[in-house]
Amino acid sequence: QVQLVESGGGLVQAGGSLRLSCAASGRTFRSYAMAWFRQAPGKEREFVAAISQSGGSTKVADSVKGRFTISRDNAQNTMHLQMSSLKPEDTAIYYCAASTTYGYSGRLYNYWGQGTQVTVSS
């Protein structure tokens with residue numbers, strides 16, 4: 001029903017900034033809550049941030065609070081993650097996900113993008 005494509009990943013030095021984008025296809029984008037998850041090598045997937053269908057509510061993981069900001073533009077069928085003050089521990093594959101339910105659990109999300117690599121060097 002929804003196809004998601006992430007972009008904006010890359011290599012950045014610690015302290016730098018990066019903006020990830022998720023483009024969604026389909027006319028029902030506004031019906032879905034959206035979220036970002038990430039998975040670092042050898043670690044389990046973890047929640048990063050989520051945004052409600054209207055964009056009126058957000059959830060951000062404690063590990064990135066104050067540094068990452070999630071947003072969406074329903075007119076453009078896009079979601080973004082603005083990352084600043086990046087740390088080496090932020091290195092991971094970042095995934096865009098969509099769910100009919102707004103929340104922080106990956107089990108709620110039915111649709112996933114292919115992921116985009118973010119690498120933060122010291």
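These numbers come from the heavy atoms of this one structure, side chains and all, not from hydrogens, waters or symmetry mates. Counting begins at 1 with the first residue of the sequence. Quick caveat: nothing in here was measured; it's all calculated off a predicted structure.
With a 6.0 Å radius and a threshold of 12 heavy atoms from other residues, nucleotides or ligands, R45 has its CZ atom above the threshold. More than 12 heavy atoms of other shown residues, nucleotides or ligands fall within 6.0 angstrom of atom CD in Q114.
When every heavy atom of S52 is checked against every heavy atom of Y102, the shortest pair comes out as N-CE1, 3.5 Å. Residue Q53 comes nearest to Y32 through the heavy atom pair CG-C, 3.4 Å, listed as atom of the first residue, atom of the second, then distance. Nearest heavy atom pair, residue S17 against residue S85, reads OG-N, 4.4 Å. Nearest heavy-atom pair across G103 and A50 is O-CB, 3.6 Å. Scanning both residues, R72 and A33, for their nearest heavy atoms gives NH1-CA, 4.0 Å. Residue P88 comes nearest to S122 through the heavy atom pair CG-OG, 3.6 Å, listed as atom of the first residue, atom of the second, then distance.
Between M79 and the options I51, L4, N74, D73, a side chain to side chain contact (heavy atoms under 4.5 Å, CB included) holds for only I51.
If you chain together hydrophobic residues whose side chains sit under 4.5 Å apart, W36 and Y111 fall into the same group. Hydrophobic clustering (ILVMFWY, side-chain heavy atoms < 4.5 Å, transitive): V120 and F37 are in distinct clusters. Taking hydrophobic clusters as Ile, Leu, Val, Met, Phe, Trp and Tyr residues chained together by side-chain heavy-atom distances below 4.5 Å, Y109 shares a cluster with Y104. Under a hydrophobic-cluster definition in which Ile, Leu, Val, Met, Phe, Trp and Tyr are linked whenever side-chain heavy atoms come within less than 4.5 Å, directly or via other members, I70 and F47 are assigned to different clusters. In the hydrophobic clustering of this structure, M34 groups with V48; members are Ile, Leu, Val, Met, Phe, Trp, Tyr whose side-chain heavy atoms approach within less than 4.5 Å, directly or through other members.
No side-chain heavy atom of R38 sits less than 4.5 Å from a side-chain heavy atom of V118. The side-chain heavy atoms of F68 and L86, taken from C-beta on, include a pair separated by under 4.5 Å. At least one side-chain heavy atom of L20 sits under 4.5 Å from a side-chain heavy atom of M83. At least one side-chain heavy atom of T91 sits less than 4.5 Å from a side-chain heavy atom of Q117. Two residues are said to be in side-chain contact when any heavy atoms from C-beta on lie closer than 4.5 Å; W112 and C96 fail this criterion.
Here CZ of R107 is found 12.5 Å from OG1 of T101. Values are rounded to the nearest 0.5 Å. To the nearest 0.5 Å, the span separating CG on D90 from CZ on R67 amounts to 4.0 Å. Residue T116 holds its OG1 atom at 9.0 Å from CD1 of I93, rounded to the nearest 0.5 Å.
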Inset, instruction - Let me see the working for E6 and Y94 under side chain to side chain contact (heavy atoms under 4.5 Å, CB included), right down to the final yes or no. - result: CA-CA 8 Å; E6 302 94 335; Y94 284 70; over 6 Å; no
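Using a 3.5 Å distance cut-off with no hydrogens or angles, the side chains of Q39 and Y95 do not pair a donor with an acceptor.
A salt bridge links K65 with D62: the distance from a Lys NZ or Arg NE/NH1/NH2 to an Asp or Glu carboxylate oxygen falls below 4.0 Å.
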